[in-house]
Amino acid sequence: MTEHKGFTSNFGAIMAAVGSAVGLGNIWRFPYICGQYGGGAFLVVYLCFVFLIGMALMMTEFVIGRRSQHSPVKAFSTLRPDKPGWRFVGLFGIITCFLILSLYLVISGWTLNYVGDTATGALANMDGTMLDQHFSHFSSSAIRPVICLAIFTIMTAAVILGGVQKGIEKVSKILMPILVLLLVVMCVRSLTLPGSMGGVEYLFKPDFSKLGAAGVLAALGQALFSLSVGMGVMVVYGSYIPKDDNLMRTSLWITVCDTLIALMSGLAIFPAVFSCGLEPAGGPGLVFKVLPMVFNSMNPVTGFPTGTVFAVIFFVLLVTAALTSAISLFEAITAWATESLHIRRTPATLVIALCVIAIAAFCSLSLGPLNHIHIAGMPLFDLVDRLTAAYLPPICALLTVLFFGWVMPGADIHDELSNHGTLKTGYYPVLRFLTRYIAPIALLLVLITGIFGN
Ligand code: PFF
């Protein structure tokens, strides 16, 4: 048996898991979905889902991982050896990670490209129409996005090759504080611009007329995605958490940090957008098309290029956030390959990197040169997006929570949460109720709407 190597400290574990949770979902996706579904109204529902369902799912995955000391495929069958069929849930999670990672790498590659574009001043003199065309031209071209995603994958794989302690934990401990610092700088800049309060109002003032059933479901989907639950990544990280850690406290820290960073991202973006009198509901293109315009407007005619500096800071922030999330998805696949396929870490990492670059490249090309090739009636990028947004994570999360609530022995759960009876677990009945009834029903609703609503 190989020695199990995990995180060395509670702080390291929290930083790595916060690194996984904080990503493009917080900085790129949360602000525009929040704005789209009525600002404060969306926020209230989102916060309820994050703290009730998302956090319960995170604890579920941590308990399964730390109790079994395995990655998802083996974890389920270790905890219930008499029910080996549950290992397919783990396998399902790995497939989901693979697909999400492919798409994630495409968008991460875009962020990397925009660091270059902003740093060289290539966008500095463009107006809204030119920025729009620039983004469309770049994202649908054949070579550049593929090179960017390949570079990003190599950066991710390099950290994975370093191992759990010297790679993931060390990099997360360095990058996460840097990320918070950059975000604070962006928030201060954005909030001190003239007319910025309109953006704060847009983000926080509740408009329940815009929420609707679609907004409620989007809030749950975003809560799961943002906390990185529902695909087994937190099972893998759970298996690395030190045995004397308080899982409840660790989960709470991660959830609070993730939520605060999402809110700060909103505060870094919308006040600046409003201050320039631009359209806030920019959708997914908000960050790539609207924000560069905001930065350009900060550049004075002569003198120091303030806007360019903030633009570079912003895209470095995005790259940093995306990197630590991509690392966690990559690690989940690597842990499965080393544990279940018995491949050593280095060759496993290299093979996974090549496979994931190939799929991501096809996704990227499907936005341009291969746009005419349709699978299930749509280009590959859209298909993977649909699968990873609406179907696979809720299915995987539902099966995981059913295993935890109904199949895994309650005594094992309690023992793991209380660190063998040494910690108080007054919250346990609430967690049990949430994971047996509330979370499964909510996930089922998301799934049904995802399937029949499209
Ligand atoms: N939580 C990440 C984000 O908000 O960008 C995305 C993510 C990472 C989802 C890891 C799932 C995952 F397993």
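Along the sequence shown, residues are numbered consecutively beginning with 1. Indexing begins at 1, ligand by ligand and atom by atom, following the structure's order. Heavy atoms only: backbone and side chains are in, while hydrogens, waters and symmetry mates are out.
Enclosure of atom NZ in K210 by more than 12 non-hydrogen atoms of other residues, nucleotides or ligands within 6.0 angstrom is indicated.
To the nearest 0.5 angstrom, F7 atom CZ is 12.5 Å from F11 atom CZ.
Looking only at heavy atoms of the protein, atom 9 (C) of ligand 1 is closest to F225 O, 3.5 Å. At the shortest separation from atom 8 (C) of ligand 1 among protein heavy atoms lies S228 OG, 3.3 Å.
Judged by the 6.0 Å and 45° rule, R80 forms no cation-pi pair with F403.
Taking every non-hydrogen atom of N26 and a distance limit under 4.0 Å, the qualifying atoms of ligand 1 come out as 4 (O). Residue A21 has at least one heavy-atom neighbour below 4.0 Å for each of these atoms of ligand 1: 1 (N), 2 (C), 3 (C), 4 (O). Taking a cut-off of under 4.0 Å to the non-hydrogen atoms of S226, the atoms of ligand 1 that pass are 1 (N), 4 (O).
When all heavy atoms of S77 and V73 are compared, the pair lying nearest together is OG-O, 3.6 Å.
The distance criterion of under 3.5 Å between nitrogen or oxygen atoms is not met by M231 with respect to ligand 1. Of the N or O atoms in G25, one or more lie within a sub-3.5 Å distance of an N or O in ligand 1. Inclusion of V233 in the set of residues having an N or O under 3.5 Å from an N or O of ligand 1 is not warranted. Checked against a 3.5 angstrom limit, the closest N/O atoms of L24 and ligand 1 fall inside it.
Ion pairing between a basic and an acidic side chain is recognised when a charged N comes within 4.0 Å of a carboxylate O; K74 and E339 show no such pairing.
Ligand 1 lies within reach of Y104, whose nearest heavy atom is under 4.0 Å from it.
Which of A326, S20, S328 comes nearest to atom 2 (C) of ligand 1 through a heavy atom is settled by distance: it is S20.
Taking the six-membered ring where the residue is Trp, Y114 and F288 present perpendicular rings, their angle passing 60° and hence far from 30°. Relative ring orientation between F42 and Y37 is described as parallel, the plane-to-plane angle staying below 30° on a 0-90° scale split at 30° and 60°.
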Exercise. Could you walk me through whether D258 and N26 pass the side-chain hydrogen bond (donor to acceptor under 3.5 Å, both in side chains) test, one step at a time?
Key: CA-CA 8 Å; D258 184 65; N26 300 61; 2.9 Å; yes
